[in-house]
Amino acid sequence: MATILTACGGGNSGKRTIVAAFYPLAYAAEKIGGPSFAVDNLTPPGAEPHDLELTPREVAEIEKVDVVLYLSHGFQPAVSRAVEQARGTRVDVLAGLPLHDSDPHVWLDPVLFARIGRRIGTALRRPPGGFVVDLQQLDRDYRDGLRDCKRHEIVTSHEAFGYLAARYGLKQVAITGVTPESEPSPRQLAQVIQVVRRTHATTVFFETLVSPRLAQTVAREVGARTAVLDPIEGLTPDEQARGENYVMVMRRNLAALRKALGCR
């Protein structure tokens with residue numbers, strides 16, 4: 001578990017305190033809030049945020065912070081339950097967004113993530129300028145980079161890229177559902193393999209925080225290679241040690257997509 005803010009006990013020199021449910025929200029809060037805020041990411045580096053459980057102490061501390069940033073729709077049930085007791089400002093970043101059923105992965109669409117940034121800025125009473133500018137540039141880079149591609153189907157181990165695919169004219173073919181722990185039945189896996197064969201995909205993508213086993217199985221069956229497409233639900237400890245961030249990982253994703261899709 002992550003360590004909750006010492007600011008709740010007065011250890012951050014009067015800074016306002018923010019708890020973010022997982023990495024993308026912590027990144028946004030740090031970029032928008034700046035040094036006037038102490039930000040804590042509830043999900044430790046390398047942990048899968050869907051699996052997050054909270055200790056009683058962490059739940060009690062969430063009640064005391066100034067702002068809580070979280071996602072509803074069952075993304076992190078333990079956090080959603082704890083937020084009900086929070087006395088500070090509660091920001092459900094999915095509220096008001098054009099969601100695809102129960103899919104919460106809106107941060108992978110830079111346009112939607114910019115909308116979230118504006119909402120966070122309102123909650124913090126800070127302009128989200130630099131954060132939004134970075135995302136607008138990222139959106140332009142994705143549009144330019146994916147404009148002329150031989151293929152448009154992305155085969156992923158986890159159904160996390162629907163918003164990104166919709167934004168840039170791609171089609172997601174997912175091996176598992178919205179939560180990466182969901183295991184397909186043998187029949188479902190066989191159906192996925194048939195679909196992948198029809199797409200003539202050369203790459204099956206897996207992610208950094210869960211096992212690549214299913215992606216490797218599908219790739220082996222269809223004669224494709226595997227590569228990483230990161231849903232950025234969190235940074236690995238190595239990524240954090242190297243000082244990487246959301247924008248850097250999104251640019252790495254773009255490079256992986258361009259290679260897999262044969263883009264010019």
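Atom set for the values below is all heavy atoms of this structure, side chains included, hydrogens, waters and symmetry mates excluded.
Remark: F161 engages no residue in a ring-ring contact (aromatic ring centres under 6.0 Å, His included) (not counting sequence neighbours). Taking T122 as the reference, nothing meets the side-chain contact (heavy atoms from CB on, under 4.5 Å) condition, with sequence neighbours excluded.
In this structure, the side chains of I175 and V196 stay at 4.5 Å or more apart for every pair of heavy atoms. E159 has its side chain within reach of Q172: a pair of non-hydrogen atoms, C-beta onward, lies under 4.5 Å apart. In this structure the side chain of L42 reaches within 4.5 angstrom of the side chain of L52, judged on heavy atoms. The shortest side-chain heavy-atom distance between Q188 and V192 does not fall under the 4.5 Å cut-off.
For the pair R115 (side chain) and G96 (backbone), a donor-acceptor distance under 3.5 Å is present. A donor-acceptor distance shorter than 3.5 angstrom exists from the side chain of D230 to the backbone of I232, with no hydrogens or angles considered. Judged purely by atom type and a 3.5 angstrom limit, R119 uses its side chain to pair as donor or acceptor with the backbone of D92.
The aromatic ring centres of F113 and F131 sit less than 6.0 Å apart. Taking the ring centroids of H158 and H105, they lie under the 6.0 Å cut-off.
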| request: Given ring-ring contact (aromatic ring centres under 6.0 Å, His included), test W107 with F22 step by step and report yes or no. | output: CA-CA 11 Å; W107 62 91; F22 75 131; 4.8 Å; yes

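Between E244 and R242, at least one side-chain N (NZ, or NE/NH1/NH2) sits under 4.0 Å from a carboxylate O, which counts as a salt bridge. For the pair D141 and R251, the salt-bridge criterion is met [side-chain N within less than 4.0 Å of a carboxylate O]. Between D139 and R167 there is no salt bridge, since no side-chain N of the basic residue sits under 4.0 Å from a carboxylate O of the acidic one.
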Show which side-chain atoms of residues 79-90 pair as donor or acceptor with protein atoms under 3.5 Å away, not counting sequence neighbours.
from, atom 1, to, atom 2, distance (Å)
R90, NH1, V83, O, 3.3
R90, NH1, E84, O, 3.3

